[in-house]
Engineer: 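I have a structure I would like to understand better, so I am pasting it below and will then ask my questions one at a time.
Note that the coordinates shown come from a computational prediction; the quantities given were computed from them, not determined experimentally. Here is the naming used below: chain letters follow the sequence lines, and residue numbers restart at 1 for every chain.
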Amino acid sequence: MPHSEFTENILNAIRSIPEGKVCTYGLIARLAGNPRGARQVSWTLHSMTMKYDLPWYRVVNSKGTLSVTEPDGKEYQKHLLGQEGVEVSDNYEVDLDNYLWKTNNNNYHL
DNA sequence: TTAGTGACAGGCA
DNA sequence: CTGCCTGCCACTA
């Protein structure tokens with residue numbers, strides 16, 4: 001039980017992302033029950049990734065680009081996505097039309 | 001308690 | 001296409 005319920009829903013949503021697919025921050029926030037909580041998703045990832053074994057690399061911004069701040073983070077993320085079959089352009093951009101994870105329903109939060 | 005911050009999103013020039 | 005601004009929410013000092 002990390003912190004607030006929002007944070008737990010965010011973690012749960014990220015764990016639900018299947019291999020070979022990517023998801024945006026806004027979509028994660030929506031799945032967590034907070035359509036406006038995209039920034040919270042970023043904070044959660046940055047803070048909890050190391051402790052909770054999350055597929056952080058499957059999360060990109062709305063433009064489809066890698067938003068990692070760490071200098072070599074993008075290269076690392078690109079490598080991890082490539083292992084799952086997700087092609088990342090040399091400009092660290094993912095084709096959302098093909099790789100975006102689409103859910104049947106907008107909400108499944110408790 | 002208030003102010004500052006962040007791996008964002010969306011709208012607009 | 002790029003860049004700037006605003007709204008958002010939870011966390012930290």
Engineer: Could you check which of dC8(B), dC8(C), dA7(B) has an atom nearest any side-chain atom of N61(A)?
Structural biologist: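 For N61(A), the side-chain atoms sit closest to dC8(B).
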Engineer: Would the number of heavy atoms belonging to other residues, nucleotides or ligands and lying under 6.0 Å from CD of Q83(A) be above 12?
Structural biologist: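 More than 12 within 6.0 Å, yes.
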Engineer: Go through the N and O atoms of the side chain of R39(A) and the base of dG6(B), and report whether any donor-acceptor pair is under 3.5 Å.
Structural biologist: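 A donor-acceptor contact between them is present.
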Engineer: Could you tell me how far apart L45(A) (CG) and dA7(B) (P) are, to the nearest whole angstrom?
Structural biologist: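 These atoms are roughly 10 Å apart.
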Engineer: Could you please name the option among dA10(C), dA9(B), dA7(B) that lies closest to any side-chain atom of H46(A)?
Structural biologist: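 Within the option list, the nearest is dA7(B).
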Engineer: What's the CD1-P distance between I28(A) and dA10(C), to the nearest Å?
Structural biologist: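 Rounded to the whole Å, the gap is 16 Å.
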Engineer: Looking only at the side chain of W43(A) (C-beta and beyond, no hydrogens), which of the listed nucleotides dC9(C), dC8(B), dG6(B) gets closest?
Structural biologist: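 Closest nucleotide to the W43(A) side chain: dG6(B).
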Engineer: If you take atom types as modelled and just measure distance, does the side chain of Y25(A) reach the base of dA9(B) with a donor-acceptor pair under 3.5 Å?
Structural biologist: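 Side chain to base: no pair present.
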Engineer: So does R36(A) have more than 12 non-hydrogen atoms from other groups sitting under 6.0 Å from CZ?
Structural biologist: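 No, because the 6.0 Å sphere around CZ of R36(A) holds 12 heavy atoms or fewer from other groups.
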Engineer: Rounding to an integer number of Å, can you tell me how far N34(A) CG sits from dC8(B) P?
Structural biologist: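 Rounded to whole Å, this separation is 17 Å.
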Engineer: So, is S4(A) near the phosphate of dA10(C), with a side-chain N or O under 4.0 Å from OP1 or OP2?
Structural biologist: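 Answer no for this pair, as no side-chain N or O of S4(A) is under 4.0 Å from OP1 or OP2.
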Engineer: Take the protein atom CD of Q40(A) and the nucleotide atom C1' of dG6(B), then report the distance between them rounded to whole Å.
Structural biologist: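 In whole Å, dG6(B) C1' lies 9 Å from Q40(A) CD.
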Engineer: Calculate the interatomic distance between K63(A) atom NZ and dG11(B) atom C1'; express it in whole Å.
Structural biologist: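 Rounded to the whole Å, the gap is 11 Å.
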Engineer: Which base sits across from dG11(B) as a Watson-Crick or G-U pair, both distances under 3.5 Å?
Structural biologist: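 Per the H-bond distance test, dC4(C).
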Engineer: Please determine, for the side chain of S42(A), which listed nucleotide (dA7(B), dA9(B), dC9(C)) has the closest atom?
Structural biologist: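 Out of dA7(B), dA9(B), dC9(C), the nucleotide with an atom closest to S42(A)'s side chain is dA7(B).
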Engineer: Provide, to the nearest angstrom, the distance between the CZ atom belonging to R30(A) and the P atom belonging to dC8(C).
Structural biologist: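 Going from CZ in R30(A) over to P in dC8(C) covers 16 Å.
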Engineer: Can you measure L11(A) atom CG to dC11(C) atom P for me and round it to whole angstrom units?
Structural biologist: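 It works out to 11 Å between those atoms.
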Engineer: Are M48(A) and F6(A) in one and the same hydrophobic cluster, where Ile, Leu, Val, Met, Phe, Trp and Tyr link if side-chain heavy atoms are under 4.5 Å apart?
Structural biologist: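 Different clusters.
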Engineer: Measuring from atom CG of L45(A) to atom CH2 of W56(A), what distance do you get when rounded to the nearest 0.5 angstrom?
Structural biologist: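 Reported to 0.5 Å precision, the distance equals 9.5 Å.
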Engineer: Pair E84(A), Y57(A) - check side chain to side chain donor-acceptor pair (under 3.5 Å), show working.
Structural biologist: CA-CA 11 Å; E84(A) 297 188 350; Y57(A) 49 86; 3.1 Å; yes
Engineer: E8(A) has an atom CD; how far is it from atom P of dC11(C), in whole Å?
Structural biologist: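 Between P of dC11(C) and CD of E8(A): 11 Å.
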